[in-house]
Enquirer: 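Pasting a structure below so you can have a look.
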Amino acid sequence: MPELPEVETTLRGISAHIKQQTIAKAIIRQYQLRWPIPANIQQLLANKSIAKLERRGKYILLRTNSGTIIIHLGMSGNLRILTKPTPPKRHEHLDLIFHNNKILRFTDPRRFGAFLWVEGDPYEHPLLRNLGVEPLTKEFSGQYLLSQAKGRTIAIKTLLMNNAIVTGVGNIYAAEALFASCIYPAVPAKSLSIERLDKLVKCIKLILRQAIKRGGTTLKDFVNSEGKPGYFSSQLKVYGRNGSPCMVCGKTLERMLLGQRSTVYCGSCQR
DNA sequence: CAGAATACCTGCGGGC
DNA sequence: TGCCCGCAGGTATTCT
């Protein structure tokens with residue numbers, strides 16, 4: 001999916017168009033996403049005003065004064081702003097039409113995404129309650145990772161992709177950060193020293209920030225709020241490059257499966 | 001409890 | 001051209 005940089009790009013893109021704006025109408029063409037969109041969502045959302053937009057991990061929160069829309073882009077989702085009515089194409093499941101005539105359109109071919117409504121504190125929602133730290137905060141440190149890795153034999157890459165530990169790091173950025181920090185992706189989490197975890201954390205933060213700067217990574221589906229792709233793809237050093245030469249040492253990059261996820265790495269640079 | 005496997009859904013590229 | 005297989009940015013749920 002959209003990982004953290006793509007979600008952040010989306011949030012920044014839609015924010016100016018719908019902040020403080022009031023929903024005139026919600027049109028739902030497909031209710032069956034990861035979880036069903038609430039059947040009465042039209043009534044729930046009519047005349048609600050978006051007070052604040054937030055990101056938590058890979059979730060986007062649209063806060064109104066009486067409840068919050070929780071959006072997840074799943075594996076293939078995107079949110080775009082349309083400035084005039086446009087006939088929906090296949091997989092364009094939902095429109096929020098605002099009084100300023102802007103339209104927020106949710107598209108998601110694989111339907112792994114979510115569009116939910118919650119009253120009360122959204123951070124207490126079951127999907128958000130147990131999320132780990134935000135990777136771009138100082139809470140996310142080598143020391144923190146060390147404490148989470150203690151006693152765990154799980155591969156470091158799988159640990160990084162566990163959203164209960166740190167949110168927003170998915171398959172692309174986990175692979176890239178492990179390459180940048182010269183860590184073998186399958187190494188048991190508990191075996192890494194604080195020095196190596198410090199390095200890993202620095203690399204994760206750097207890569208996520210660079211990816212946000214470039215508007216995220218587009219492999220296939222991801223487009224920003226204007227329908228344009230992200231430009232971080234050209235910076236990828238291992239993801240999707242199995243069989244190609246390592247950009248550092250020239251050795252052929254290899255692939256393995258970790259937690260059922262494809263993982264590309266350099267057997268020479270990453271130990 | 002940790003860790004592994006499974007499930008959800010559609011689309012695409014490769015092999016035959 | 002068409003069918004079948006494997007694979008794809010996520011993650012909750014079920015199993016061992």
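By convention in this document, chain letters (A, B, ...) are assigned in the order of the sequence lines, proteins followed by strands, and residues within each chain are numbered from 1.
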Enquirer: In the structure I gave you, are the side-chain heavy atoms of A/Phe232 and A/Thr9 within less than 4.5 Å of one another anywhere?
Expert: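 The answer is no; the side chains never approach within 4.5 Å.
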
Enquirer: In this structure, how many angstroms lie between the P atom of C/dG10 and the CG atom of A/Leu258, rounded?
Expert: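 Result: 14 Å.
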
Enquirer: Taking Watson-Crick and G-U wobble pairs with both distances under 3.5 Å, convert DNA chain C into its dot-bracket string, 5' to 3', dots for unpaired and | for cross-strand pairs.
Expert: .|||||||.|||||||

Enquirer: Report yes or no: does A/Lys251 contribute a side-chain atom to a donor-acceptor pair with the main-chain N or O of A/Cys269 at less than 3.5 Å?
Expert: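 Answer holds: no.
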
Enquirer: Phosphate oxygens OP1/OP2 of C/dA12: is one of them under 4.0 Å from a side-chain N or O of A/His72?
Expert: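 Checking C/dA12 against A/His72, no side-chain N or O comes under 4.0 Å of OP1 or OP2.
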
Enquirer: Measure from the side-chain heavy atoms of A/Lys58 and tell me the nearest of C/dT11, B/dG11, C/dA8.
Expert: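 Nearest listed nucleotide: C/dT11.
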
Enquirer: How would you label the contact of A/Ser262 with the nucleic acid (heavy atoms, under 4.0 Å): base, sugar-phosphate, or nothing?
Expert: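 It contacts sugar-phosphate atoms only.
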
Enquirer: How far does OH of A/Tyr184 sit from CD of A/Gln270, to the nearest 0.5 angstrom?
Expert: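 Spacing of OH (A/Tyr184) from CD (A/Gln270) equals 9.5 Å.
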
Enquirer: Could you give the distance from CG (A/Leu44) to CD (A/Glu119), rounded to the nearest 0.5 Å?
Expert: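 Rounded to the nearest 0.5 Å, the CG-CD separation comes out at 6.5 Å.
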
Enquirer: Tell me the interatomic distance from A/Leu257, atom CG, to C/dC7, atom C1', rounded to whole angstroms.
Expert: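 Atom-to-atom, A/Leu257 to C/dC7, this comes out as 10 Å.
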
Enquirer: Under a 4.0 Å threshold between the charged nitrogen and the carboxylate oxygen, would A/Glu54 count as salt-bridged to A/Arg56?
Expert: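 No salt bridge links A/Arg56 with A/Glu54.
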
Enquirer: For A/Arg29 and A/Asp95, run salt bridge (Lys or Arg N to Asp or Glu O under 4.0 Å): C-alpha distance rounded to whole Å, both residues' side-chain angles, the deciding distance at 0.1 Å, then the answer.
Expert: CA-CA 9 Å; A/Arg29 290 174 286 268; A/Asp95 289 346; 3.1 Å; yes

Enquirer: Which pair of non-hydrogen atoms, one from A/Lys190 and one from A/Ala149, has the smallest distance, and what is that distance?
Expert: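 Taking every non-hydrogen atom into account, CB-O, 3.4 Å.
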
Enquirer: If you look at every strand shown and take non-hydrogen atoms under 4.0 Å, does A/Arg34 touch a base, only sugar-phosphate, or nothing?
Expert: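 Contact class for A/Arg34: base.
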
Enquirer: Taking only the side-chain nitrogens and oxygens of A/Thr158, find out if one of them lies under 4.0 Å from OP1 or OP2 of B/dG3.
Expert: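 Indeed not, no polar side-chain atom of A/Thr158 lies that close.
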
Enquirer: Is there a side-chain polar atom (N or O) of A/Arg261 under 4.0 Å from OP1 or OP2 of C/dG10?
Expert: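 Checking C/dG10 against A/Arg261, a side-chain N or O does come within under 4.0 Å of OP1 or OP2.
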
Enquirer: Reading DNA chain B from 5' onward, which residue's closest nucleotide shows up sooner: A/Lys220 or A/Gln260?
Expert: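 That would be A/Gln260.
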
Enquirer: Using atom P in both nucleotides, what's the gap between C/dA12 and B/dG11 to the nearest angstrom?
Expert: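 Approximately 24 Å lies between the P atom of C/dA12 and that of B/dG11.
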
Enquirer: What is the distance from CG of A/Asn78 to P of C/dG10, rounded to the nearest Å?
Expert: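 So the two atoms are 15 Å apart, to the nearest Å.
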
Enquirer: Please give me every residue in residues 105-117 of chain A whose heavy atoms get under 4.0 Å of an atom in DNA chain C, ordered by residue number.
Expert: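 Correct list: A/Arg110, A/Phe112.
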
Enquirer: Among the candidates C/dA12, B/dG3, B/dG11, find the nucleotide nearest to the side-chain atoms of A/Arg90.
Expert: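 The answer is B/dG11, which lies nearest to the side chain.
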
Enquirer: Provide, to the nearest angstrom, the distance between the CD atom belonging to A/Gln148 and the C1' atom belonging to B/dA2.
Expert: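 Taking CD of A/Gln148 and C1' of B/dA2, I get 13 Å after rounding.
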
Enquirer: Output the rounded distance in Å from CD (A/Glu3) to C1' (C/dA8).
Expert: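 Nearest whole value for this atom pair: 12 Å.
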
Enquirer: Taking only the side-chain heavy atoms of A/Met75 (C-beta and beyond), determine which of B/dG3, C/dG10, B/dT10 contains the nearest atom.
Expert: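 Nearest listed nucleotide: C/dG10.
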
Enquirer: Measure the acute angle between the ring planes of A/His93 and A/Phe106, then classify it against the limits of 30° and 60° as parallel, tilted or perpendicular.
Expert: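 If you compare the ring of A/His93 with that of A/Phe106, the planes turn out tilted.
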
Enquirer: So A/Tyr265 and A/Met256, do their side chains get closer than 4.5 Å, heavy atoms only?
Expert: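 Yes, side chains in contact.
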
Enquirer: Round to the nearest Å and state the distance from A/Tyr239 atom OH to C/dC7 atom P.
Expert: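 Rounded to the whole Å, the gap is 13 Å.
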
Enquirer: So does A/Leu61 get a backbone contact from the side chain of A/Thr68, meaning a donor-acceptor N/O pair under 3.5 Å?
Expert: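 No, because the side chain of A/Thr68 does not come within donor-acceptor range (under 3.5 Å) of the backbone of A/Leu61.
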
Enquirer: Quick one: label A/Ile154 by what it contacts on the DNA or RNA (base, sugar-phosphate, nothing), any heavy atom closer than 4.0 Å.
Expert: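 Result for A/Ile154 = sugar-phosphate.
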
Enquirer: Suppose you measure atom P in B/dC9 against the same atom in C/dC3; what distance do you get, rounded to whole Å?
Expert: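 These two P atoms come out 22 Å apart once rounded.
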
Enquirer: Mind checking whether A/Ile28 and A/Phe115 have side chains closer than 4.5 Å, heavy atoms only?
Expert: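 No. Closest side-chain heavy atoms not under 4.5 Å.
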
Enquirer: Tell me the interatomic distance from A/Leu73, atom CG, to C/dA8, atom P, rounded to whole angstroms.
Expert: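 Rounded to the whole Å, the gap is 20 Å.
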
Enquirer: Given atom CH2 of A/Trp35 and atom P of C/dT13, what is their separation to the nearest angstrom?
Expert: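 My rounded result for the distance is 7 Å.
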
Enquirer: Using a heavy-atom cut-off of under 4.0 Å over every strand shown, decide if A/Phe222 touches base, sugar-phosphate, or nothing.
Expert: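 Base contact.
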
